[in-house]
Amino acid sequence: MENILLEYPYNNHPHIALVRLNRPKVLNALSTDLMQELIDCFLGLDKNPEVRVIILTGNERAFAAGADIGQMVTASPIDQINDQRFRTWEMLRLITKPIIAAVNGFALGGGCELAMACDLIVAGDDAKFSQPEIKIGTIPGAGGTQRLTRAIGKSKAMLMVLTGDMIDAKTAFEWGLVAKITPAPALLQETFELAKIISDRAPVAVRLAKEAVNKSFEMTLKDGMDFERRNFYLTFSSLDQKEGMKAFLEKRNPDYKGN
Ligand code: CO8
């Protein structure tokens with residue numbers, strides 16, 4: 001892999017992997033190759049039964065400053081269809097394990113969209129988010145008009161998408177785009193602490209919960225409630241559900257095996 005770095009186990013933790021976007025010279029611009037490496041890496045981690053939580057990060061200066069403008073400047077619509085660059089983005093939805101985006105610096109355009117495609121965002125207090133495509137004559141193409149609107153509401157999404165201007169981490173937190181803010185130097189440590197908490201939870205239930213929350217974006221309330229109920233029932237076929245409830249009654253910590 002040339003464009004990303006994988007640390008697994010991360011901090012010697014057997015259930016946590018860290019994936020780092022690694023094109024620092026271009027502020028981690030998301031080239032087609034980078035996205036292909038990223039999805040291949042995620043699919044591998046998703047298949048590994050030991051991995052329970054994935055952290056995706058960039059560097060201090062940038063999470064990612066967008067799709068690679070150099071690759072798009074002369075592209076025709078047909079070029080974009082032929083190189084299937086959106087296929088890799090679509091495949092992010094296949095990952096069943098939780099992915100936490102740990103964002104320092106710029107998360108712009110495709111970078112903001114990539115962070116939003118993760119399950120939750122933790123931001124350093126220096127993080128900056130925007131959908132700046134309008135400033136370069138185009139519009140968001142990987143969820144910026146859809147996920148952002150669902151996260152922060154129509155009026156604020158319009159403000160960001162129509163002006164292209166950045167918002168800071170505090171604003172992103174207040175608007176509900178970001179789950180948690182940390183001092184920038186502590187971002188990875190605090191995200192790791194959060195990942196540890198999630199990795200201590202019953203892995204099958206975590207995956208079913210992630211799936212159900214994501215369905216809320218795609219279903220009516222009634223269909224979503226039905227879907228949730230089925231996943232709820234499904235947890236009762238796992239040994240971890242028995243272990244979790246028994247451990248509670250026996251006043252001890254559960255020992256989840258992921259089955
Ligand atoms: N693509 C390619 N190169 C980039 C990108 C980018 N998105 N962002 C920064 N770079 C490069 C710069 O060209 C520069 O390279 P060089 O040193 O060779 O000149 C280097 O990174 C450092 O950048 P700057 O010198 O500009 O650094 P500054 O601190 O002055 O500015 C900014 C930082 C504000 C982040 C500025 O670089 C910027 O505005 N970048 C572009 C942001 C942007 O417009 N992003 C949206 C891109 S379009 C998009 O994401 C659409 C997504 C659609 C879905 C995906 C489909 C595949």
Side-chain angles (χ1 to χ4, degrees), residues 1 3-30 34-35 37-39 41-42 45 51-67 92 95 97-132 142-144 147-148 151-152 160 165-201 206 210 213:
M1 294 183 298
N3 299 293
I4 62 171
L5 300 171
L6 169 64
E7 283 181 57
Y8 174 71
Y10 178 55
N11 280 348
N12 292 320
H13 196 294
H15 301 313
I16 300 176
L18 179 97
V19 180
R20 200 183 274 280
L21 304 170
N22 189 38
R23 298 184 76 209
K25 286 188 185 146
V26 286
L27 306 183
N28 292 332
L30 303 168
L34 181 150
M35 289 304 298
E37 287 175 22
L38 187 63
I39 194 64
C41 177
F42 279 173
L45 294 170
V51 175
R52 294 185 181 176
V53 181
I54 302 166
I55 300 171
L56 176 64
T57 197
N59 56 44
E60 300 85 50
R61 191 148 175 243
F63 177 75
L92 291 167
I95 308 303
K97 292 174 184 175
I99 308 174
I100 306 175
V103 175
N104 265 339
F106 298 113
L108 314 182
C112 186
E113 291 169 316
L114 179 59
M116 290 191 292
C118 297
D119 297 303
L120 62 101
I121 303 174
V122 180
D125 54 12
D126 69 342
K128 290 190 166 46
F129 298 84
S130 77
Q131 294 295 157
R147 288 200 177 98
L148 185 67
I152 66 177
M160 288 183 71
D165 288 342
M166 294 184 210
I167 57 169
D168 61 16
K170 186 168 167 283
T171 306
F173 176 72
E174 286 166 1
W175 287 3
L177 180 59
V178 158
K180 207 174 161 179
I181 314 186
T182 75
L187 175 71
L188 276 187
Q189 186 54 38
E190 297 224 6
T191 307
F192 177 60
E193 296 304 324
L194 175 63
K196 276 200 292 189
I197 293 172
I198 298 172
S199 74
D200 280 343
R201 305 295 184 239
V206 166
K210 164 174 168 158
V213 172

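For the single chain, residues carry numbers from 1 onward in sequence order.
Considering only heavy atoms from C-beta on, Met1 comes within 4.5 Å of Leu6 through its side chain. Looking at heavy atoms from C-beta onward, Ile100 lies in side-chain contact with Val53 at the 4.5 angstrom threshold. Contact check for Lys170 versus Asp125: no side-chain heavy atoms found under the 4.5 Å cut-off. Residues Leu114 and Leu30 meet the side-chain proximity criterion, which asks for heavy atoms closer than 4.5 Å. By the 4.5 Å heavy-atom criterion applied to side chains, Leu188 and Arg20 are counted as neighbours. A heavy-atom distance below 4.5 Å is found between the side chains of Ile54 and Phe42. Two residues are said to be in side-chain contact when any heavy atoms from C-beta on lie closer than 4.5 Å; Phe129 and Thr171 fail this criterion.
Between Ser199 and His15 the shortest heavy-atom distance is CB-CB, 4.0 Å. Taking both residues in full, the closest heavy atoms of Ala169 and Ile181 are given as O-CD1, 3.5 Å, listed atom of the first, atom of the second, then distance.
At distances below 3.5 Å, at least one donor-acceptor pair connects side-chain atoms of Thr191 with backbone N or O atoms of Leu187. Side chain of Tyr10 to main chain of Val19: no donor-acceptor pair is present (N/O by atom type, distance under 3.5 Å, no hydrogens or angles). Counting only distance, with no hydrogens or angles, the side chain of Asp168 and the backbone of Lys128 share no donor-acceptor pair below 3.5 Å. A donor-acceptor pair under 3.5 Å is absent between the side-chain atoms of Arg23 and the main chain of Asn28, judged by distance alone. Using a distance-only test at 3.5 Å, with no hydrogens or angles considered, a donor-acceptor pair links the side chain of Glu37 to the main chain of Asn3.
When the salt bridge (Lys or Arg N to Asp or Glu O under 4.0 Å) test is applied to Glu7, no partner is found at least two apart in sequence or on another chain. For Phe173, the ring-ring contact (aromatic ring centres under 6.0 Å, His included) test picks out no residue, with sequence neighbours left out. Residues satisfying the side-chain contact (heavy atoms from CB on, under 4.5 Å) criterion with Arg201, sequence neighbours excluded, are Ile197, Val206. For Arg147, there are no salt bridge (Lys or Arg N to Asp or Glu O under 4.0 Å) partners two or more places apart in sequence or in a different chain. Looking at residues two or more places apart in sequence or on another chain, you find no salt bridge (Lys or Arg N to Asp or Glu O under 4.0 Å) involving Lys97. Residues satisfying the salt bridge (Lys or Arg N to Asp or Glu O under 4.0 Å) test with Asp165, not counting sequence neighbours, are Lys135.
Listed by first and then second residue, the salt bridge (charged side-chain N to carboxylate O under 4.0 Å, His left out) pairs involving residues 99-112 amount to none (not counting sequence neighbours). The salt bridge (charged side-chain N to carboxylate O under 4.0 Å, His left out) contacts involving residues 102-116 comprise nothing, where partners must be two or more places apart or lie in separate chains. Residues in residues 99-112 take part in no side-chain hydrogen bond (donor to acceptor under 3.5 Å, both in side chains) pair, two or more places apart or across chains. Within the structure, every pair that satisfies the salt bridge (charged side-chain N to carboxylate O under 4.0 Å, His left out) test and touches residues 184-197, not counting sequence neighbours, is listed here: Lys180-Glu190, Glu193-Lys196.
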Determine all donor-acceptor pairs shorter than 3.5 Å in which one atom belongs to a side chain in residues 116-124; sequence neighbours excluded.
unit_1, atom_1, unit_2, atom_2, d
Asp119, OD1, Lys210, NZ, 3.4
Asp119, OD2, Ile99, N, 2.8
Asp119, OD2, Lys210, NZ, 2.7

Pair up each side-chain donor or acceptor in residues 56-64 with any protein partner under 3.5 Å, not counting sequence neighbours, and list the distances.
unit_1, atom_1, unit_2, atom_2, d
Thr57, OG1, Ala102, O, 2.8
Asn59, OD1, Arg61, N, 2.9
Asn59, OD1, Ala62, N, 2.8

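Separation of atoms CZ (Phe106) and OG (Ser130) is listed at 9.0 Å; rounding is to 0.5 Å. His13 contributes atom NE2, which lies 9.5 Å from atom OH of Tyr8 (distance to the nearest 0.5 angstrom). Atoms CD1 and CG, on Ile4 and Asn22 in that order, are 9.0 Å from each other to the nearest 0.5 Å. How far CE of Met160 is from CD1 of Ile167: 4.0 Å, rounded to the nearest 0.5 Å. Of the inter-residue distances, the one linking Ile55 atom CD1 with Leu194 atom CG reads 8.0 Å to the nearest 0.5 angstrom.
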